[in-house]
Amino acid sequence: MCGIVGYSGEKKALGILLSGLQSLEYRGYDSAGISLKKGKKIETIKTKGKVTDLITLIAESNIDTSATIGIGHTRWATHGAPSSTNAHPHYTERVSVVHNGIIENYRNLEKFLKEKNINRRTDTDTEIIALLLDLYLSEGFDFKNAFFKTVEMLKGSFAIAAISKDFDYMMLAKHESPLVIGLSNNETYIASDVSALIEYTHDFIFLEDGDIALIDKGNVTIWDKDKKETKRQPTQIDWSKEKAQKGGYKHFMLKEIAEEDEAVRNTIQSRIDEDGNVFLDEEISISKEFLKNLDRITIVACGTSFYAGLTAKPIIEKYTGIKVDVEIGSEFRYYNYLYSKNNLFIAISQSGETADTKEPLKMAKSKGIKTLSIVNVKESAIARLSDSCIYTLAGPEISVASTKAFTSQLAVLYMLAFYIAQLKGKDLKPQAKQLLKIPSLIKQTFDKTQDKTKELADKYYNYQDFLYLGRGICYPLALEGALKLKEISYIHAEGYPAGEMKHGPIALIDENTPTVVVAHPEEPLYSKSLSNCEEIKSRHGKIILVSNKQSDIVDDFIEVPKVDYDFAPFVYIIPLQLFAYYVALFRGNDIDQPRNLAKSVTVE
Ligand code: F6R
């Protein structure tokens, strides 16, 4: 759960490493470090804290900044607490290494090293890699062969970049953690993902599991998992630099909420024509015959992606007539799920790297279940593992709290429902055409609710507990709204089905626990939600209503544009995201990098 970056070329490496690390901080930000190689010397600077702390330290140092080879790392601690010692790069006299992932057999390897009187100085699993490399170099292997020998011994997940004092090339290895190579003339960049490198190149090689690579300025040699030299085709990624940066907003999160109309538009535009025909044939390689005869869809995901699945469940069921189960990845992987005869497995993941979603996907594949993924990050592990992948075209989501990924995932799930229904001979062109209008409705919602949510956040940001209630299609939105508030404002918030309140949570209601009620005006759900509001009022609870229809029972009202019930999630979620954003802003929190959280959870 870390970001790694590297450079080999003719330019000074330091600036490239530091700006790459800043782009990658969403992957982890409890410590950071770099190693620069010049001649036969490697210098390393690392520290606990963020990349800005590292920059200060470098400015105070007399490190040789003219080096043209270097590696860098931003960490989210797994083995060993955040500290300068445990920060990467990990180094010995001969090598320096950065690593993302977990070396599962590090204890056995440590024993092996101890028998040779080689001891760790840090608490990390990564140091083992540096020590093994050093051992083989000391035994006379060249760097390339020492690296091959070392990687052969490793079990677990890893993206590794290593440099050696005596050799001018860099070695890379990838297994179940992402690693991309950015290509350019006489120089090569590497990083955990393209957002760190997009300002330098648009041509990328996505290493595959088991790959080892040697990079030496502009030369790249790759060996596959069978150690056979291989060629990997570069992919062109046309995300602009500006797109991967804040673009005038104070935080990525606000920028990404403001981009939701565009994200959904990009996601649906090339897949639905103006007549309402849905085109997913090219992306779904699973046979149409199989899709027509599905008897169950099993959706597995975590966090916000899980809530997207939960939100779309009634829509898929309504339009396709197929039963949908929505399961949490971390539970599903230890549960003996009973698949039906014609079962489709769908993994949803923004990052495409979430271990708790990836593992169930692998399990489903091993049982011969057909798999489809809905992923935002191109060529990520989940995208590549599944039989078919439909990408959300939301662009990079940098803020740890997921926003535009949610609405883009919903857009794909809706399109998929319409597509399957279409295969089954149903006419859902009117609904597909309605989906085409959603992006402008999202934009209207953002414009209409931004000031109001800010005003209410100012009023409510000092409360310590919140309840979020919803019914029907608004219930998963209550869950997602509560999750957003928890994540970035650190306020305790619970999402609940409104009708379930009287079975327990009503005990929490008093004047200090405001409730956000998400209620579409569709009857009878609206009236029932208002009855719940009455119950709250009579216990002196404050109520914020998110709806298209005002009520005089509530204290505050966030009015959203009118939208049909089935499409309400795209609209109603926007003020919930904005409210969480502004509450966190008034509380002075680090919105894009909330404490204890990381963007891409690649460990269990
Ligand atoms: C919420 C959030 C997390 C992620 C979850 C799944 O704002 O960011 O709950 O949604 O970790 O991540 P992905 O979608 O990358 O699999």
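Whatever order the structure lists ligands and atoms in, that order sets their numbers, starting from 1.
Note on ring orientation: taking the six-membered ring where Trp is involved, the planes of F567 and F418 are tilted (angle from 30° to 60°). Using the six-membered ring where Trp is involved, Y460 and F579 have ring planes that are perpendicular, over 60° apart on the 30 and 60° scheme.
The shortest N or O to N or O distance between S402 and ligand 1 is under 3.5 Å. Of the polar atoms of S349, at least one N or O is found under 3.5 Å from an N or O of ligand 1, judged by distance alone. At least one N/O-N/O distance between V400 and ligand 1 falls below 3.5 Å.
Shortest contact from atom 6 (C) of ligand 1 to any protein heavy atom: C302 O, 3.3 Å. Here the protein heavy atom with the shortest distance to atom 4 (C) of ligand 1 is T304 N, 4.1 Å. For atom 2 (C) of ligand 1, the closest non-hydrogen atom on the protein side is E487 OE2, 3.4 Å. Among protein heavy atoms, atom 12 (O) of ligand 1 sits closest to T354 OG1, 3.5 Å. Among protein heavy atoms, atom 11 (O) of ligand 1 sits closest to V601 CG2, 4.1 Å. Atom 9 (O) of ligand 1 has G303 CA, 3.2 Å as its closest protein atom, hydrogens excluded (heavy atom only).
Looking only at side-chain heavy atoms (C-beta outward), L597 and E487 come within less than 4.5 Å of each other.
D261 places no side-chain N or O within donor-acceptor distance of the main-chain N or O of I442, the cut-off being under 3.5 Å. Side-chain N or O atoms of R587 include one that pairs as donor or acceptor with a backbone N or O of S489 at under 3.5 Å. Panel note: side chain D387, backbone K370; no donor-acceptor pair is recorded below 3.5 Å. With hydrogens and angles ignored, the 3.5 Å screen pairs no side-chain donor or acceptor of E176 with any backbone N or O of F158.
With a 4.0 Å heavy-atom cut-off, ligand 1 is reached by the side chain of K484 but not by its N, CA, C or O.
Remark: K459 engages D556 in a salt bridge, criterion side-chain N to carboxylate O under 4.0 Å. Between K404 and E259 there is a salt bridge, since at least one side-chain N of the basic residue sits less than 4.0 Å from a carboxylate O of the acidic one.
Close approach of ligand 1 to Q350 (heavy-atom distance below 4.0 Å) involves ligand atoms 13 (P), 14 (O), 15 (O), 16 (O). Each of the atoms 7 (O) of ligand 1 lies under 4.0 Å from some heavy atom of A401. Ligand 1 places these atoms under 4.0 Å from at least one heavy atom of S305: 10 (O), 13 (P), 14 (O).
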